[in-house]
Amino acid sequence: MMNKTNLLNNTFLKPFNKLKKQQNYTVHKQSTNTHKDYLVTVISPVYNGESFLKKSIQSVMDQTIGFQNIEYILVDDCSTDRSKEILLEFQKKYENITVVLLDCNSGSPGLPRNVGVKLATSPYITFLDSDDWLHPNGLQVLYEISESTGDPYVVGRTIKVEKGGTKIIGEHQCCKERRSVSPLSIPHIFHHLGPTARMMRAAFIKEQQIEFPKMKFGEDKQFFIDVLTNCKSISTTTKPIYYVNRLEETKNTRLTNQTNILQKTNYNLQVIHYILNRELDIEIEKMIVNRIYEYDLLRGLFTTPHFQNTKLKLLYYYLFKQIMRTTKKKFAYDFSERFFQPIHKVIYELLREGKYRAVTKLLEWDKSKKVKEIVIKNQKPYIVTPFTEEKYKYISLPVHITFKMHNCEGNMYKLHFQVYGESIHSITDILIRDQKNAHNEYALPVDIKENGEGFIQFNLDLLDRELPPANYSIFVRYNDYMRMNIRQQIKDEIKHRYKNRQFNIYRTNYSNLALKIN
């Protein structure tokens, strides 16, 4: 035990090497004219990004707002590949490109971004990582919203690009058009705190003295917590703005993959302590703390491949006990009260009771059991777990939807389903979304009765016009952006041909209702 304790003290409890407070750099810029009226500054930290760097730069050059209206600052963090050479080649060709070369590697994108903010001369700032790219209309969309509202912050849709296709991330902040609303009015606003798809007023950032902290991991989390807690109003849009590159080619250069679980835990705790020291309004503090404990600390430790594959699970449990000890005396509330996923609440309670084998059992079951048994009690749905103890046997769900019947005649499709749970009255629509292409989706109105019966009917001409051939998931959407599949227990497939296209409404391998258009 002494060796294990020393290991944790050396790698977790003590601070990691901090970045240097002062960083020298060289600015390469064609013109010394600082009075050009650029509309927006794009700031890109660069480190060994040669594989996608030209694509990233080209996406800025192709912006519909006009490349001549963009101040483009790229900060190289001592790359060891051809990134620096590529940057200087572009800088020599374009007056609005500024290349900054740091004298020594900072180890984090935070410091390069701070340098970019310091050098920025335009009214607005946005960030772009060097292996990602922007939608052609991205900057124009954000700029026009910012100009029309006067809000210091606007955020749009981020699309993650993977080998298997694309999907939306941080959907809570881009599920609807909002103008000049309190950030705290948006459910789970602190759940996605990366730098993607957002534009900020430069004066706001500088006046509030908001900077990225000197951290190797979690620096964007702390930065955007500061931004959001200082904004009185923000705007959001459903328009696609930013593409996050998660293709295999970027796996080795992603900083998050170069940081181990102990380091990540330490940095997340640093963010927690920072938030507590700010003495925010208690409700705001709860929103932030609950999110970090649920996703970054609890889920980050126990629902990842690191934990699933290791034989040293006791080390993780010991680490979580240390986490609880470091913050135990600082909270006057239960930070798990707003956990987003009901299963996380159960995991947390089991951990507090020291039932570590039960945690392992629950996580293994959750991973292996793709289609879980659901029971309905007093019109409320519950997942049935492998435990016999009543306290942990049933995990409540906010909503559960079961298929009842459907039919298709001519150009009309009709669907009848049943909704259970406390979120019935927050259901807004039916969402049909391409399983591999986040750009292809269509929302349809839905009728939900007081008893939970749901009905939808639509003309196939709508789908014929709006959606290309592909496989689509069918969701019921509630609480603005949350989605639930329609569970179809008995196979009842419809194959319907209309206007030379085949519409198949079928049950997936996971017993969910889906649509295929050929």
Side-chain angles (χ1 to χ4, degrees), residues 12-13 15 110 151-153 155 170-173 178 180-195 198 200 204-205 207-215 217-236 264-303 319-349 351-352 398 479-482:
F12 166 65
L13 297 176
D151 290 333
Y153 175 99
V155 60
E171 197 159 353
H172 61 284
Q173 61 190 6
R178 305 180 182 97
S180 299
V181 302
S182 166
L184 305 179
S185 69
I186 301 175
H188 310 116
I189 187 61
F190 296 105
H191 276 217
H192 185 254
L193 296 168
R198 54 207 77 200
M200 294 149 288
F204 168 78
I205 298 298
E207 287 167 6
Q208 296 293 332
Q209 298 182 332
I210 300 173
E211 291 186 337
F212 288 92
K214 299 172 177 65
M215 296 162 58
F217 177 83
E219 78 295 331
D220 47 2
K221 197 178 305 175
Q222 185 168 310
F223 180 90
F224 285 103
I225 287 173
D226 279 345
V227 169
L228 290 169
T229 53
N230 280 288
C231 282
K232 291 183 179 179
S233 65
I234 68 172
S235 293
T236 74
K264 290 178 180 177
T265 300
N266 178 76
Y267 287 122
N268 283 319
L269 281 175
Q270 286 187 34
V271 175
I272 286 282
H273 292 311
Y274 173 79
I275 296 306
L276 294 177
N277 289 334
R278 279 196 56 191
E279 298 183 350
L280 297 166
D281 176 86
I282 191 68
E283 290 304 312
I284 300 174
E285 182 185 287
K286 282 183 183 181
M287 291 173 68
I288 300 169
V289 168
N290 291 350
R291 173 258 194 264
I292 294 176
Y293 268 89
E294 178 178 8
Y295 280 93
D296 300 311
L297 294 175
L298 188 145
R299 185 184 179 197
L301 279 174
F302 298 111
T303 63
L319 176 57
F320 194 77
K321 286 177 68 176
Q322 297 298 101
I323 292 170
M324 295 303 298
R325 286 177 184 171
T326 60
T327 56
K328 184 174 176 179
K329 297 179 181 179
K330 294 184 180 287
F331 295 108
Y333 53 85
D334 177 7
F335 57 72
S336 69
E337 63 186 14
R338 297 186 188 180
F339 274 8
F340 182 65
Q341 295 290 344
I343 193 171
H344 293 161
K345 178 80 171 178
V346 176
I347 294 170
Y348 174 68
E349 290 176 356
L351 287 168
R352 289 186 65 186
N479 287 344
D480 285 347
Y481 75 97
M482 298 181 192

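Note that this is a predicted model, so its numbers are computed, not measured.
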Q | Shortest non-hydrogen contact from Glu219 toward Pro213 | A | O-CD, 3.4 Å
Q) How many angstroms lie between CD in Gln222 and CD1 in Ile272, if you round to the nearest 0.5 Å? A) 11.0 Å
Q. Which atom names give the shortest non-hydrogen contact between Gln208 and Asn230, and what distance separates them?
A. OE1-OD1, 3.2 Å
Q. Got a second to check how far Lys221's NZ is from Gln270's CD, nearest 0.5 Å?
A. 11.0 Å
Q: Locate the shortest heavy-atom distance separating Tyr333 from Ile282; write the atom from each residue and the value.
A: CE2-CD1, 3.5 Å
Q) Does Phe302 have any ring pair (Phe, Tyr, Trp, His ring centres under 6.0 Å) partners at least two apart in sequence or in another chain, and if so, which? A) Phe307, Tyr317, Phe320
Q. Got a sec, which residues hit side-chain hydrogen bond (donor to acceptor under 3.5 Å, both in side chains) with Asp334, two or more places apart in sequence or on another chain?
A. Ser336, Lys345
Q.
Less than 4.5 Å apart, side chain to side chain, heavy atoms only: is that true for Ile288 and Thr229?
A. yes
Q) For Phe212, what residues pass the ring pair (Phe, Tyr, Trp, His ring centres under 6.0 Å) criterion, not counting sequence neighbours? A) Phe127, Phe223
Q: Give the C-alpha distance, both sets of side-chain angles, the deciding distance and a yes or no for side-chain contact (heavy atoms from CB on, under 4.5 Å) between Phe190 and Leu184.
A: CA-CA 9 Å; Phe190 296 105; Leu184 305 179; 4.0 Å; yes
Q.
I'd like to check the salt bridge (charged side-chain N to carboxylate O under 4.0 Å, His left out) partners of Arg352; sequence neighbours left out, ordered by chain and number.
A. none
**Q.** For Glu337, salt bridge (charged side-chain N to carboxylate O under 4.0 Å, His left out) partners two or more places apart
**A.** Lys286
Q | Evaluation steps, side-chain contact (heavy atoms from CB on, under 4.5 Å), between Arg299 and Ile347 | A | CA-CA 9 Å; Arg299 185 184 179 197; Ile347 294 170; over 6 Å; no
Q. Which atoms form the tightest heavy-atom contact between Pro195 and Phe224, and what is the distance?
A. CA-CE1, 3.4 Å
Q | Heavy-atom check, side chain of Phe217 versus side chain of Asn266, under 4.5 Å | A | no
Q: With sequence neighbours left out, write down each residue that passes side-chain hydrogen bond (donor to acceptor under 3.5 Å, both in side chains) with Ser235, or none if nothing qualifies.
A: Asp151
Q: Evaluate side-chain contact (heavy atoms from CB on, under 4.5 Å) for Leu351 paired with Met324, printing each intermediate quantity in order.
A: CA-CA 10 Å; Leu351 287 168; Met324 295 303 298; over 6 Å; no
**Q.** Results of salt bridge (charged side-chain N to carboxylate O under 4.0 Å, His left out) for Arg178 - residues two or more places apart only
**A.** Asp480
(Q) Applying side-chain hydrogen bond (donor to acceptor under 3.5 Å, both in side chains), can you list everything that pairs with Glu279, at least two apart in sequence or on another chain? (A) none
Q | Stepwise side-chain contact (heavy atoms from CB on, under 4.5 Å) check, Ile343 with Thr303 | A | CA-CA 11 Å; Ile343 193 171; Thr303 63; over 6 Å; no
Q. How many angstroms lie between atom CG of Leu269 and atom CG of Leu276, to the nearest 0.5 angstrom?
A. 10.0 Å
Q: Report the distance from atom CG of Leu193 to atom CD1 of Ile225, rounding to the nearest 0.5 Å.
A: 5.5 Å
Q | Partner of Ile234 by side chain to side chain contact (heavy atoms under 4.5 Å, CB included), out of Pro183, Ser182, Pro152 | A | Pro183
Q. Looking at residues at least two apart in the chain, or sitting in another chain, which of them share a side-chain hydrogen bond (donor to acceptor under 3.5 Å, both in side chains) with Asp226?
A. Tyr274, Arg278
Q.
Can you give me the closest heavy-atom contact between Thr236 and Gln173, atom names plus distance?
A. CB-O, 3.3 Å
Q: Kindly compute the distance separating CD1 (Ile210) from CE (Met200), expressed to the nearest 0.5 Å.
A: 9.0 Å
Q. What distance separates Ile186 CD1 from Met287 CE, expressed to the nearest 0.5 Å?
A. 9.0 Å
(Q) Just to verify, what does Phe340 make a side chain to side chain contact (heavy atoms under 4.5 Å, CB included) with, not counting sequence neighbours? (A) His188, His191, Glu294, Tyr295, Tyr481, Met482
(Q) For Arg291, give me all partners under salt bridge (charged side-chain N to carboxylate O under 4.0 Å, His left out), at least two apart in sequence or on another chain. (A) Asp296
Q | Side-chain heavy-atom pair Tyr293, His344 within 4.5 angstrom cut-off | A | no
